[in-house]
Amino acid sequence: MKIIGTGRSHPSLVVTNEMLTHILDTSDEWITSRTGIKERRVISSENLEDLAIDAAKKALADANMDAKDLDYIICANVVNEFVSPAMSCIIQGAIGATCPCFDLNGACVGFIYALEIAESFYRSGKYKNILIVCAEEPSRMVNWHDRTASVLFGDGAGAVVLTEGDNIKATKMSASCNWDRLYQKHELQYSPYNSKPNSNLPLVMHGQDVFMFATKAAIRDISNVLKQSGIKPDEVDHFLIHQANLRIIKSIKDFLRQPEEKFPLNIHRYGNTSSASVPILLDEVNKEGKLKRGDLIVLSAFGAGFVSGACILEW
Ligand code: ACO
């Protein structure tokens, strides 16, 4: 397949590091030096589905495609206000599409999982035009009294439209179960026959373990897609890495011995927006006119599971 349109949408509220010092024992200096984050967008008056629909409409407009011409919609999402139906159904109705759709929970790697699935759908010969929307609201997952996790995340949505083409050169998906390092349990009601208590359970994160996993996994997956495609790091024009921590991105850059200019960043403005991170960054570089036809782009992400994935595509 090939990407022919991109879009993104952000909540209007900007929460700066300074604002967080009023509710948490933290500082701009600590957050900036440990993570690279200066501010993030947090949902206040909007709904996550509004952002998802807005990003989808922008990607369709950019692709110059009518929603009726879509053959499939995949939405990557970890949590939203609906247990059912899937967020993709809400998007499908709002944009006026008539195609089937489903959600996938690939944590922060949802976009790359969705790309690989879209490519497989296309290769099956049944589907040609596919919309991927990644919409995430980690601000509903974290405990806002826990400074170790709440400062890292932000909300947002990113979307792409794909059609037939031969531009996805290689993909590599991985999973290694270490779920207890980064997880959140549902707040669901137990039946009267179950002795477990009902409770609100926020995100649990063992930051240093996640950091070590993320660095190793990204380097391994990127090396894999480069090897599969026979492309050398020097030939890649842009490395779009999941914006979770500036120090993780720097470690990957140092390993690949590539210049800073090849690693576009927006972590300072948005923090970690989970699966929306890579498509939001892709839309930014696209709309800024930084992508030329034929450019080689590596995408890489990692997240809870642990799961990770990389992809190399031609623009
Ligand atoms: N403000 C001030 N101090 C803090 C804060 C904060 N927000 N958070 C932690 N600290 C303190 C700790 O309590 C600790 O204090 P102590 O030494 O008195 O015990 C000290 O800072 C150092 O804490 P560490 O955890 O050792 O700090 P570290 O350098 O490892 O950075 C961080 C922590 C930023 C969380 C880092 O481990 C990290 O980024 N890990 C990856 C997390 C991540 O990316 N998660 C999501 C990825 S997967 C996905 O996207 C779903």
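- With contacts defined as side-chain heavy-atom distances shorter than 4.5 Å, the pair F263/L256 qualifies.
- What you find for L70 and I130 is that their closest heavy atoms are CD2-C, 4.2 Å.
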### Task
With side chain to side chain contact (heavy atoms under 4.5 Å, CB included) as the test, would you mind laying out the steps for H242 and I249 before giving the verdict?
CA-CA 8 Å; H242 174 41; I249 300 169; over 6 Å; no
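- For CD of E81, the number of neighbouring non-hydrogen atoms (other residues, nucleotides, ligands) closer than 6.0 Å is greater than 12.
- With S88 contributing its side chain and F102 its backbone, the two residues share a donor-acceptor pair below 3.5 Å.
- Heavy atoms from other residues, nucleotides or ligands lying under 6.0 Å from CG of N64 number 12 at most.
- Note: the hydrophobic cluster containing M19 does not contain Y270 (ILVMFWY, side chain heavy atoms under 4.5 Å, direct or indirect links).
- P138 places none of its side-chain heavy atoms less than 4.5 Å from the side chain of N272.
- With hydrogens and angles ignored, the 3.5 Å screen pairs a side-chain donor or acceptor of D221 with a backbone N or O of G309.
- Distance CD1/I252 to CZ/F302: 5.5 Å, rounded to 0.5 Å.
- To the nearest 0.5 Å, atom CD1 of residue I267 and atom CG of residue L281 are 10.5 Å apart.
- Placement of I91 and V161 within a single hydrophobic cluster is found when ILVMFWY residues are connected by side-chain heavy-atom separations under 4.5 Å, directly or transitively.
- Contact annotation: the side chain of L203 never approaches that of D146 to less than 4.5 Å [non-hydrogen atoms, C-beta and beyond].
- Using a 4.5 Å cut-off on side-chain heavy atoms (C-beta onward), C311 and E116 make no contact.
- Inspection of the N80 and E136 side chains reveals no N or O donor paired with an N or O acceptor under 3.5 Å.
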### Task
Please test I3 against W315 for side chain to side chain contact (heavy atoms under 4.5 Å, CB included), starting from the C-alpha separation and ending with a verdict.
CA-CA 7 Å; I3 295 175; W315 192 248; 3.9 Å; yes
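- No donor-acceptor distance shorter than 3.5 angstrom exists from the side chain of K172 to the backbone of S308, with no hydrogens or angles considered.
- With hydrophobic clusters built from ILVMFWY side chains whose heavy atoms lie under 4.5 angstrom apart, Y127 shares a cluster with I132.
- Annotation: K287, atom NZ; neighbour count of heavy atoms from other residues, nucleotides and ligands within 6.0 Å is above 12.
- Linking ILVMFWY residues whenever their side-chain heavy atoms come closer than 4.5 Å, directly or via other members, leaves F111 and L182 in distinct clusters.
- Closest non-hydrogen pair, A52 versus M87, comes out as CB-SD, 4.5 Å.
- At distances below 3.5 Å, at least one donor-acceptor pair connects side-chain atoms of Q184 with backbone N or O atoms of M141.
- Remark: side-chain polar atoms of E314 are not paired, donor with acceptor, to backbone N or O of K169 under 3.5 angstrom.
- The closest side-chain heavy-atom distance from D69 to K128 is not below 4.5 Å.
- Remark: the backbone N or O of N266 is paired with a side-chain donor or acceptor of Q243 at under 3.5 angstrom.
- When all heavy atoms of P279 and A159 are compared, the pair lying nearest together is CB-N, 4.2 Å.
- Minimum heavy-atom separation, G303 to V109: N-CG2, 3.7 Å.
- The backbone N or O of W30 sits less than 3.5 Å from a side-chain atom of S33, completing a donor-acceptor pair.
- Inter-residue side-chain proximity for V142 and F153 is flagged as met; some heavy-atom pair is nearer than 4.5 Å.
- Of all non-hydrogen atoms in V133 and A56, the two that sit nearest each other are CG2-CB, 3.9 Å.
- Across all non-hydrogen atoms, the minimal contact from D155 to S139 is OD2-OG, 2.7 Å.
- Distance alone, capped at 3.5 Å, is enough to place a donor-acceptor pair between the D71 side chain and the N129 backbone.
- Salt bridge present: E284 and R269 bring a charged side-chain N and a carboxylate O closer than 4.0 Å.
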### Task
List the steps and the verdict of side chain to side chain contact (heavy atoms under 4.5 Å, CB included) for Y113 and S275.
CA-CA 10 Å; Y113 267 90; S275 73; over 6 Å; no
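- A donor-acceptor contact shorter than 3.5 Å links the side chain of S223 to the backbone of I219.
- Just one of V298, I297, V225 meets the side-chain contact (heavy atoms from CB on, under 4.5 Å) condition when paired with L313; it is I297.
- For the side-chain contact (heavy atoms from CB on, under 4.5 Å) criterion with P11, the lone passing option out of D50, L51, N47 is L51.
- A salt bridge is absent between K58 and D62; no separation between the charged side-chain nitrogens and carboxylate oxygens falls under 4.0 Å.
- By the 4.5 Å heavy-atom criterion applied to side chains, D209 and N178 are not counted as neighbours.
- V278 is not connected to I241 by any chain of hydrophobic side-chain contacts under 4.5 Å among Ile, Leu, Val, Met, Phe, Trp and Tyr, and they are in different clusters.
- Annotation: K253, atom NZ; neighbour count of heavy atoms from other residues, nucleotides and ligands within 6.0 Å is above 12.
- Taking CZ of F213 as the reference point, atom OG1 of T215 lies at 9.5 Å (rounded to 0.5 Å).
- When atom types are taken as modelled, the side chain of T32 and the backbone of E29 share no donor-acceptor pair closer than 3.5 angstrom.
- Atoms CD1 and OG, from I312 and S300 in turn, are 11.5 Å apart once rounded to the nearest 0.5 Å.
- Within a 6.0 Å sphere centred on NE2 of H22, heavy atoms belonging to other residues, nucleotides or ligands number more than 12.
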### Task
Tell me, with the steps shown, if N245 and V210 meet side chain to side chain contact (heavy atoms under 4.5 Å, CB included).
CA-CA 11 Å; N245 187 312; V210 177; over 6 Å; no
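- Side-chain contact between V42 and W144: present, with at least one pair of heavy atoms (C-beta onward) separated by less than 4.5 Å.
- In this structure, D283 CG and L240 CG are separated by 11.5 Å, a value rounded to the nearest 0.5 Å.
- Within a 6.0 Å radius of NZ in K262, other residues, nucleotides and ligands contribute more than 12 heavy atoms.
- To the nearest 0.5 Å, atoms CD (E119) and OG (S124) are separated by 10.5 Å.
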